Amino acid sequence: MTSPAGDFRVTAAHTSQTLVITVSGELDSATAGELAEHLDRVAAGSGPLVVDMTGVTFCDSSGLNCLMAAVARDVDLRIIGSRQVLKVLRLAGVMHAVTLEPSVARAIGKAVGAD
């Protein structure tokens with residue numbers, strides 16, 4: 001699904017035990033609602049949610065709010081972040097609230113108990 005904001009995309013795919021949401025493009029007030037729709041569908045206690053944000057070229061507080069709303073609902077969030085996303089998480093002082101992973105494969109492996 002592509003938003004009117006151009007190159008912004010959010011896709012969701014299920015692996016055997018994990019939901020992987022992939023986000024790319026500019027995550028701001030014009031596009032954050034699309035990500036929020038996907039994150040809002042994830043229930044607390046439903047297992048880890050892997051969010052691949054390596055394709056995010058810009059992230060502002062709207063994107064951060066989407067992520068923190070999921071954390072506030074006790075969703076086990078595992079983020080693979082672009083430099084932009086990591087910068088926003090660091091500046092906001094919330095890196096402790098999420099699990100950062102170096103790759104989707106590693107996040108999925110940890111989610112299903114493999115290392």
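Since this is a predicted model, take the numbers as computed values, not measurements.
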Would Arg9 and Ser24 count as a side-chain contact (heavy atoms from CB on, under 4.5 Å) if you check the C-alpha gap in whole Å, the side-chain angles of each, and the deciding distance to 0.1 Å?
CA-CA 5 Å; Arg9 290 183 76 80; Ser24 62; 3.6 Å; yes
Just distance, no hydrogens or angles: give the donor-acceptor pairs under 3.5 Å from side chains in residues 83-93, sequence neighbours left out.
none

Let's go through Val51 and Ile80 carefully: what are the C-alpha distance in whole Å and the side-chain angles of both, what is the deciding distance for side-chain contact (heavy atoms from CB on, under 4.5 Å) to 0.1 Å, and is it a yes or a no?
CA-CA 6 Å; Val51 183; Ile80 302 88; over 6 Å; no
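- Interatomic distance, CZ of Phe8 versus CG of Asp28, reported as 8.0 Å (0.5 Å rounding).
- Of all the heavy atoms in Val10 and Glu34, the pair that sits closest is N-OE2, 3.9 Å.
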Using residues 62-72 as the side-chain source, report each donor-acceptor pair under 3.5 Å to any protein atom, sequence neighbours left out, with the distance given to one decimal.
residue, atom, partner, partner atom, Å
Ser62, OG, Ser29, N, 3.4
Ser62, OG, Asp60, OD1, 3.4
Asn65, ND2, Ser61, O, 3.2

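- When the salt bridge (charged side-chain N to carboxylate O under 4.0 Å, His left out) test is applied to Asp52, no partner is found at least two apart in sequence or on another chain.
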Begin from the C-alpha positions of Thr15 and Val50 and carry the test side-chain contact (heavy atoms from CB on, under 4.5 Å) through to its verdict.
CA-CA 10 Å; Thr15 66; Val50 176; over 6 Å; no
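- Atom CG of Leu49 and atom CG of Leu39 lie 6.0 Å apart (nearest 0.5 Å).
- Here the closest heavy-atom approach between residue Arg73 and residue Val42 is recorded as NH2-O, 2.8 Å.
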In sequence, state the C-alpha distance, the side-chain angles, and the governing distance for Thr11 and Ile21, and then conclude on side-chain contact (heavy atoms from CB on, under 4.5 Å).
CA-CA 6 Å; Thr11 58; Ile21 294 176; over 6 Å; no
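- In this structure, the side chain of Ser82 does not engage the main chain of Thr57 through any donor-acceptor pair within 3.5 Å.
- In this structure, the side chains of Thr54 and Val23 stay at 4.5 Å or more apart for every pair of heavy atoms.
- Here the CZ atom belonging to Phe58 is positioned 9.0 Å from the CG atom belonging to Leu27, to the nearest 0.5 angstrom.
- From His96, atom NE2 reaches atom CG of Leu100 across 11.5 Å, with rounding to the nearest 0.5 Å.
- Contact of the Ile79 side chain with the Thr99 side chain is not registered, since no non-hydrogen atoms from C-beta on lie closer than 4.5 Å.
- Of all heavy-atom pairs spanning Ala12 and Leu19, the tightest one is CB-CD1, 4.0 Å.
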